[in-house]
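Contents: one structure, followed by commentary.
One-based numbering, in listed order, for ligands and for the atoms of each. Worth saying up front: this structure is predicted, and the values here are computed from it rather than measured. For reference, positions follow the sequence shown, starting with 1.
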Amino acid sequence: MLRYLARARPEAEAALRRALMLDKADPIAGARSKFLIPTASEITQKPEIGSDDSIYLCGNSLGLQPRRTRELLDEELGVWARSGVYGHFRHDHGRSWVSIDETVTGQMASIVGAAQSEVAVMGTLTANLHLAMASFFKPTAERHKVIIERRAFPSDHYAVESQIRMHGGDPENSMVLLAPRDGAHTLATADIVRAMEEHADSTALVLLPGVQYYTGQALQIETITREAKRLGLTIGWDMAHAAGNLDLKLHDWDVDFAVWCSYKYLNSGPGGIAGLFVHDKQSYRDRLTGWWGHEKETRFVMDNKFRAVHGAAGYQVSNPSVLDVVALRGSLDVFADYSMTALREKSVALTAFLEDCLRESFPKEPGEPAPFTIITPTDPSQRGAQLSLLFRPGLMETVYEALAARAVVVDDRKPDVIRVAPTPLYNTFTDVWEFVETLREIVAEIEARE
Ligand SMILES: *Cc1c(COP(=O)(O)O)cnc(C)c1O
């Protein structure tokens, strides 16, 4: 760890000492060794940069690979090689493929605060959103609107538009687009509630993100859901950036349905298998069906009389990809060692440390234009792991490229935002400190050239 000290500017030494102390006291520090952290030379493809760990702050986009994942995949390839089709019912590792989803739904449910029966591990996020909307979006002439943010993630926006069109509607008339107030970057809960009140009689569905992907704002899921219920509205949540990030209580909060992917904070690998939550109270709904939603005992009787599995599992359409399921398992086995409450506690501290270091290293000089502003709320209850830095026009891409060249991995969202997401399972406080020091150096070099 002393290699950091050698490089520290005198002004940043105190922060570094704090980082080292926080890492030493971190009860979750052991989880990092269960992941493959790309080295600096691997991630930059520059051998000369050396084999120290890269600074990977991009778990909000693609989580890192748990060490166990390759082993699990190898085991499945072995069963397939040796047993062929019998692997569905006979499995060297006790994971018969016919019930492979049951090896992950319990842990997945505990991560999102649900009963096991309320969670299905299946498909992909956008496909699950369409399946959920098939059940939960039933527009009529009077009630046809979907309340959604103006800057929703494109896939969610397209999904809603196409659902409206499939029902013969016009997105122009049927989408209520929520926007921040003038000059604000994030949505005010009061404005969301006001929109729900104003459109209560004409709304068929409210669809919101648990954590907004661009700003990093965590919406007040419990309050907004309660208000939706008071108004008699159906509410679904996209938890892409919230699952494995926030301490969710989907059941207790009375959420109707939720969908999420597992390759972000849940580290299941690119395009990994996704999640669907359907509240137990709602699981009798009409749905788009396939054979995998049919009750297990009689699924192979093939009598073409559909009887749904109880709960969210009844919304499964196809048999799941076993390789995808065990890849997710590799990460869930790490999650199983820690409660979401403990992970969230570290996450809050990591992100607060990130914000502190940024404020110390980029003090506001009167009259000087700041290189960036943090558009994520400062209140820890209104954000997850991620901070979004909105750069002065023209600066972001240069900064992003320079960070990447120094083995600091963050992500850019056009036009001017860099998202930085320290994740509690594998990031350290010293990672955060290194990021801020590197960013400071880069910005100083750019400003010296200007
Ligand atoms: C990441 C993300 C998606 C991705 O959708 P896929 O179906 O997994 O490709 C969708 N919506 C939101 C809000 C996301 O953050």
Side-chain angles (χ1 to χ4, degrees), residues 57-64 108 111-112 119-134 136-137 146-163 175 177-179 185-187 192 205-219 221 224 235-246 248 250 255 257-277 288 315-318 320-321 323-325 327-328 331 375-376 383-388 410-414 417-421 423:
L57 300 170
C58 207
N60 58 329
S61 182
L62 184 72
L64 288 179
M108 191 64 121
I111 288 173
V112 297
V119 168
V121 173
M122 57 188 268
T124 55
L125 189 162
T126 309
N128 291 354
L129 179 56
H130 276 299
L131 290 173
M133 287 179 74
F136 286 87
F137 177 55
V146 180
I147 299 179
I148 185 172
E149 331 146 72
R150 187 183 67 193
R151 291 262 179 264
F153 190 83
S155 204
D156 302 49
H157 187 95
Y158 305 150
V160 166
E161 263 182 354
S162 63
Q163 287 271 342
M175 285 170 86
L177 301 174
L178 302 170
H185 295 286
T186 53
L187 292 164
I192 299 173
L205 178 67
V206 181
L207 179 67
L208 292 170
V211 173
Q212 216 283 344
Y213 79 98
Y214 186 79
T215 64
Q217 177 188 18
L219 270 67
I221 305 164
I224 294 166
I235 185 160
W237 289 90
D238 184 328
M239 296 299 186
H241 283 268
N245 179 14
L246 302 181
L248 300 171
L250 298 185
V255 163
F257 74 86
V259 291
W260 60 95
C261 51
S262 64
Y263 45 81
K264 292 169 179 165
Y265 293 99
L266 294 172
N267 319 309
S268 71
I273 197 159
L276 170 71
F277 166 91
L288 291 178
Y315 289 79
Q316 294 174 99
V317 180
S318 299
S321 157
L323 296 177
D324 285 352
V325 171
L328 171 63
S331 171
I375 60 171
T376 310
R383 67 185 185 199
Q386 168 190 332
L387 291 186
S388 299
V410 290
D411 82 359
D412 60 328
R413 281 289 172 270
K414 303 240 160 12
V417 160
I418 284 180
R419 306 186 302 177
V420 189
T423 69

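For the atom pair Asn128 CG and Met122 CE, the distance stands at 4.5 Å (nearest 0.5 Å). Atom CD1 of Ile111 is separated from atom CG of Asn245 by 12.0 Å, given to the nearest 0.5 angstrom. Note that OG1 of Thr186 is 9.5 Å distant from CD of Gln212, once rounded to the nearest 0.5 Å.
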(request) Start with the C-alpha gap between Met108 and Leu266, add the side-chain angles, then the distance that decides, and say whether side chain to side chain contact (heavy atoms under 4.5 Å, CB included) holds. (result) CA-CA 9 Å; Met108 191 64 121; Leu266 294 172; 4.0 Å; yes
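Residue Thr124 has no nitrogen or oxygen atom sitting less than 3.5 Å from a nitrogen or oxygen atom of ligand 1, judged on distance alone. Polar contact check, Ser155 against ligand 1: no nitrogen or oxygen pair lies under 3.5 Å apart. Residue-to-ligand polar distances keep Tyr213 apart from ligand 1: every N/O pair is separated by 3.5 Å or more.
Asp156 OD1, 2.8 Å is the protein heavy atom nearest to atom 11 (N) of ligand 1. Protein heavy atom at the shortest distance from atom 9 (O) of ligand 1 is Tyr263 OH, 3.6 Å. Closest protein heavy atom to atom 3 (C) of ligand 1: Phe153 CE2, 3.5 Å.
Residues satisfying the ring pair (Phe, Tyr, Trp, His ring centres under 6.0 Å) criterion with Phe257, sequence neighbours excluded, are Phe136. In this structure, Tyr214 has no ring pair (Phe, Tyr, Trp, His ring centres under 6.0 Å) partners at least two apart in sequence or on a different chain.
In this structure, Tyr213 and His241 have tilted ring planes: the angle between them lies in the 30° to 60° band.
When the options Met239, His130, Lys264, His241 are ranked by their closest heavy atom to atom 2 (C) of ligand 1, first place goes to Lys264.
Less than 4.0 angstrom separates some heavy atom of Thr126 from each of these atoms of ligand 1: 5 (O), 6 (P), 7 (O). Under a 4.0 Å criterion applied to the non-hydrogen atoms of Asp238, ligand 1 contributes the atoms 11 (N), 12 (C), 13 (C).
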